Amino acid sequence: MSISKTYQFSEVEDKWYSYWLEHKFFKSVPDEREPYTIVIPPPNVTGVLHMGHMLNNTIQDVLIRRARMKGKNACWVPGTDHASIATEAKVVNMLKERGIAKADLSREDFLKYAWEWKEKYGGIILEQLKKLGASCDWDRTRFTMEEDMSEAVIDTFIHLYKKGWIYRGVRMINWDPRGLTAVSDEEVIRKEVNQKLYYIKYTLTEAEGDATHIMIATTRPETIMADSAVCINPNDERYTHLHGKTVKVPLINREIPVILDEYVTMDFGTGCLKVTPAHDLNDYELGQKHNLPVIDILNDDGTLNDKAEILIGEDRFTARKKITVLLEEAGALEKVEEYRSQVGFSERTDAVIEPKLSMQWFCKMKEMAQPALDYVLNGEVKLIPDKFINTYRHWMENVRDWNISRQLWWGQQIPAWYLPNGQFVVAKTLEEALTEAKSIDATLTAADLRQDEDVVDTWFSSWLWPISVFDGFKNPDNADINYYYPTNDLVTAPEILFFWVARMIMAGHEFKGKAPFKNVYLTGIVRDKLGRKMSKSLGNSPDPIDLIKKYGADGVRVGMLLCSPAGNDLMFDESYCEQGRNFANKIWNAFRLVKGWEVDATLPATNAIAINWFNSRFNEALAEIEDLFAQYRLSEAIMAVYKLVWDDFCAWFLEMVKPAYQHPIDAESFNATVKFFENILKLLHPFMPFLSEELWHDELFGERNAQDCCIVAQLPEIEQTNTQLLADVEKLKQVITEIRNTRNTKQLSPKEALELHVKQSSAVDYQSFVPVISKLGNISSINFADDKIAGAASFMVSTDEFFIPLANNIDADAEIARLQKDKEYLVGFLKSVNAKLSNEKFVNNAKPEIIENERKKQADAEAKLQIIEENLKFLAI
RNA sequence: GGGAGCAUAGCUCAGCUGGUUCAGAGCAUCUGCCUUACAAGCAGAGGGUCACAGGUUCGAAUCCUGUUGCUCCCA
């Protein structure tokens, strides 16, 4: 049977994924083992896999698979959130294509269509995760709008309302005129944009001497009709004459007062501020303070309403253009300047956010923020990397109340019922609401009550996620929640640290008395190699599924991790996936080599050195990798595995034990190699699950039954290493590298066997390395000599000298020049070491071990220098 | 405007409590090899005033101050 020269991942991946599913390796039920739990950050049900997910879920899968292989009961809970704004937009579009307008539908009918959409198109992303190899317990897949989960949301709402932490009020909120809903502060993305600053003349109602008008600078001329006042700084001497006056709003000639407030910055614009309480947060607060009327001139969709008096029905941006023309014609526009400033955009619809006064539901944050902050500050919840603690604290200390109502249908409807007189009651069902309402007015019937039309913010579902996925609300004492909660690690993007992570901690404390997880690993943002964030609009994001097709899931996973330093953004480049694929291929070919070996049991065992050395090296790497995982330094962990496999195992160990072409290998070497290979597969598995599982089942590794899979194999225990052997083999490797280097510089064929003479002064047991040196260096004979060899290329490894006789091939001048250079370096080096050692302050202040070390450096350098001097003399003869 | 972080090889990054793991890794580059596991490979090599300027110290990539440049968060 011939085995392909390259690893054909496409034939392997689906096969093993199905096999794992079939044998229920991802499934977790509580048992006597220690649990290791991760809840997935639920992606939008509308979402498709992007590079951020790819990174995120690769990390989670690596952690989960590793925990499984360390004997933990690993449970990774998948699911999606209902993403009210995004989903509702998709459904509205679907309806539009069928010629149906949302406005013509009842809430009930609309929701029917929404569910239809969800069943048909939703959750694609979960299928995509399977391609990546995600070992989620799919039986536990949850969706934030399932009945139980929604019930938990409603109960939570009622609970917090009764506690006085949820209230209803008119506040300035962020309005999305495209999504036609309020959005939270966190869903507003601020971007720097080029704008224009318009200078507009407001005429004084009564001229004051020469002064007939005042000048106002604004970026939003279309809102002048909503002005309630003009504000100046009381200390501004330019405008003292205006105190107590009134001015007229241009075009509509409404009279408004000039008010005084130190809030106004004297050196920005003209020093006069138009106050528009309905359309600006700061103006609103100013208006409250000065008792100004609120004139809202905008409809929900961003068009002007009749309060504007002019340009009624025009969109706000069209109105802005038109009003500048009108102002110009009226002679009220003085000038227009270019201006750069921050504008808020809706995260979901990218519409410019409109500050708007609105009656909304809010959740108080202060009380819940304090304990949630404490968890992080006292280390019960660790943020990795810890630089986020500062940011977290800052946010938690300045947290504002959370606007939780959304003017949508897709989501959990707010459990509040209005009475005809405008009062309301909060209750789980209409019946309960009626009972309560009757205590206000006994004559009321169910028909008199009207439920609040709005739904709660999707985050108001997802903050319960770590509890609700285990049914912790309905059955607060069930086996799952008791076993899995609190979970272990949460892997997510730093951009949702506040509106998701922080709130989960709040909910965890409030409803379970415990934080929902122990560690929060915050991944970086995936950027392209120019450092730009990957986004749909830039089109700079590769489709992860295409990458998987091109490089294999294992290759992409490795590529992802290679470029993701802990906590830093990553500059993704496809070449990393290529590197991952090449690595998979390397392993595949190592396998092909070993697979092809024939064993001759009568042969003597000759590779004890190589076997003992690799065993030590493997355990050394195992300990190193363990440590890196403990610090969540996954990119360094994969690199450690990469070097162990590629350099130590393939380039050194296999080359050492590899029999000559078409020769058999002895049984001991073979068995050791197979055992090492098997351990390597285990180590690789969390990173490269498909390839490792594929090879695991080859008969090379013995009989496997259906349950005997790499995915559930147990990682080897870390054993003691032989540090002396490890150090000596480093010397051995240097010798071989020097021999190869000599060949290279002297242009000798690797096929030509050479002689080697060793003049040794160290204690390294080169004698025992003779077979390895001969094999890897293609050395025909090794002599241990006391004298230097004439007419030979030479090199040094520490203070041991090596000679390769090369009859006519020695350029004495070049040798001398090389030695001179080494000598110069050593002389300089010695000088600095000697200077240190003769410095009294150094000798008095430095730690003894440091001084000892300097002495050793001194002795080594002197010994080496002496040899070089001798060699120079020797060559000069 | 307020706060945080970063700056080390062409690129992406390590470098922990200052001192031979102190200038390192992988990729890329260059040279030579299609050597019967792998050219998606093998063997070698080159490449950095550790952003800049001061300071502390016997000793600084590492600690302190300032400057410049970039990123993020909040207003």
Side-chain angles (χ1 to χ4, degrees), chain A residues 3-7 185-186 190 265 268 281-282 342 385 387-395 397-398 400 494-495 497-498 524-525 527 529 531 533 551-552 555 559 562-573 575-576 578-597 627-628 631 633 635-636 638-640 642-643 646-647 650-651 654-655 658 660-662 730 736-745 747-751 776-778 829 832-833 835-847 849-854 856-857 860-861:
Chain A
I3 313 173
S4 162
K5 268 177 100 168
T6 51
Y7 167 51
D185 292 341
E186 289 75 21
R190 293 184 182 279
T265 319
F268 178 79
L281 178 59
N282 296 315
Q342 299 266 349
K387 67 177 177 186
F388 285 107
I389 294 173
N390 270 336
T391 337
Y392 181 84
R393 175 175 36 209
H394 186 257
W395 190 78
E397 284 172 350
N398 297 286
R400 295 205 280 180
E495 51 222 49
L497 179 58
F498 307 127
I525 296 166
R527 299 173 178 281
K529 54 173 172 182
K533 202 166 161 174
Y551 300 105
L562 278 174
C563 64
S564 55
N568 281 330
D569 286 358
L570 51 120
M571 310 297 159
F572 179 81
D573 187 87
S575 64
Y576 289 106
E578 203 180 328
Q579 194 181 348
R581 180 204 56 183
N582 293 354
F583 184 41
N585 199 46
K586 183 71 188 174
I587 298 159
W588 178 257
N589 276 292
F591 167 77
R592 283 215 303 148
L593 173 70
V594 178
K595 175 84 178 158
W597 286 347
D627 183 55
L628 290 169
Q631 299 176 66
R633 307 183 86 158
S635 69
E636 286 172 68
I638 181 66
M639 186 47 73
Y642 183 92
K643 286 196 275 193
W646 201 308
D647 298 342
C650 294
L654 288 180
E655 291 299 330
K658 178 165 121 183
Y661 181 55
Q662 289 188 331
E730 284 314 301
I736 290 162
T737 300
E738 290 287 2
I739 294 169
R740 287 168 173 170
N741 195 7
T742 305
R743 268 188 211 282
N744 251 340
T745 50
Q747 306 206 313
L748 300 170
S749 159
K751 288 176 185 159
L776 299 192
N778 192 14
F829 181 75
S832 82
V833 174
K836 255 189 215 177
L837 284 169
S838 56
N839 182 334
E840 246 176 73
K841 283 185 180 169
F842 172 74
V843 180
N844 293 337
N845 293 327
K847 281 180 251 168
E849 59 266 31
I850 302 286
I851 297 170
E852 192 47 45
N853 214 333
E854 291 298 315
K856 193 168 164 278
K857 276 156 66 178
D860 284 355

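In the text below, chain A, chain B and the rest are named by the order of the sequence lines, each starting its count at 1. For clarity, every value in this text was computed on a predicted model and none was experimentally measured. Atoms considered below: every heavy atom in the structure, side chains included; atoms not considered: hydrogens, waters and symmetry mates.
By the 4.5 Å heavy-atom criterion applied to side chains, A:Ile587 and A:Phe583 are counted as neighbours. Looking at heavy atoms from C-beta onward, A:Lys5 lies out of side-chain contact with A:Trp588 at the 4.5 angstrom threshold. Residues A:Ile851 and A:Leu837 meet the side-chain proximity criterion, which asks for heavy atoms closer than 4.5 Å. Using a 4.5 Å heavy-atom threshold, the side chains of A:Glu854 and A:Phe842 count as touching.
Looking at A:Asn844, its side chain does come within 3.5 Å of a backbone N or O of A:Glu840 through a donor-acceptor pair. A donor-acceptor contact shorter than 3.5 Å links the side chain of A:Arg743 to the backbone of A:Gly777. Distance alone, capped at 3.5 Å, places no donor-acceptor pair between the A:Trp597 side chain and the A:Lys658 backbone.
For A:Tyr576, the listed nucleotide lying nearest its side chain is B:U12; candidates were B:C73, B:U12, B:A37. With B:U35, B:A37, B:C74 as the choices, the nucleotide that has an atom nearest any side-chain atom of A:Lys751 turns out to be B:U35. When the nucleotides B:C27, B:U20, B:A25 are ranked by their closest atom to the side chain of A:Met639, B:A25 comes out on top. The nucleotide whose nearest atom lies closest to any side-chain atom of A:Lys5 is, among B:A75, B:U20, B:A39, B:A39. Distances were taken from every side-chain heavy atom of A:Ile850 (C-beta onward) to each of B:A37, B:A14, B:G19; the shortest belongs to B:G19.
Comparing the C1' positions of B:C64 and B:U20 gives an interatomic distance of 27 Å, to the nearest angstrom. Of the P atoms belonging to B:A45 and B:G55, the separation is 40 Å, rounded to the nearest Å. Separation of the P atoms belonging to B:G59 and B:G2 is 37 Å when rounded to the nearest angstrom. A gap of 36 Å separates the C1' atoms of B:C11 and B:A75, to the nearest Å. Rounded to a whole angstrom, the distance from the C1' atom of B:C58 to that of B:G18 is 12 Å. Taking the P atom of each, B:A23 and B:A61 are spaced 9 Å apart, rounded to whole Å. For the C1' atoms, the distance from B:G47 to B:G10 is 9 Å, rounded to whole Å.
Across all strands shown, A:Lys857 has heavy atoms under 4.0 Å from base atoms, whether or not it also approaches the sugar-phosphate. Contact annotation for A:Arg393: no contact, since no heavy-atom pair falls under 4.0 Å across all strands. Looking at heavy-atom distances under 4.0 Å, A:Asn845 makes contact with a base. Base contact: A:Lys658 has a heavy atom under 4.0 Å from a base atom.
B:U62: glycosidic angle beyond 90° from 0, hence anti. Syn is the glycosidic conformation of B:U21, whose angle stays within 90° of 0.
Closest-nucleotide positions on RNA chain B for A:Glu495 and A:Tyr642 were compared, and the one nearer the 5' end corresponds to A:Tyr642. Two residues, A:Gln747 and A:Asn839, neighbour RNA chain B, and the one matched to the more 5' nucleotide by heavy-atom proximity is A:Gln747.
Within the model, atoms CZ of A:Phe388 and CZ of A:Phe498 stand 9.0 Å from one another, a figure rounded to the nearest 0.5 Å. Here the straight-line distance linking atom CD of A:Gln579 with atom OH of A:Tyr551 works out to 12.0 Å at 0.5 Å rounding.
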- Task: Sugar-phosphate atoms are those with a prime plus P, OP1 and OP2; base atoms are the rest. Using that split, label each nucleotide of nucleotides 40-45 of chain B B, S or - for protein heavy atoms under 4.0 Å, 5' to 3'.
- Result: BSSBSS
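Annotated stems with RNA chain B as a participant read B:1-7 with B:68-74, B:10-13 with B:24-27, B:29-33 with B:41-45, B:51-55 with B:63-67, given as range with range, by first number; only runs of 3 or more Watson-Crick or G-U pairs under 3.5 Å qualify.
Contact annotation: A:Lys387 does not reach the phosphate of B:C72 (side-chain N/O to OP1 or OP2, under 4.0 Å).
Neither side chain, A:Glu578 nor A:Asn582, offers a donor N or O lying under 3.5 Å from an acceptor on the other.
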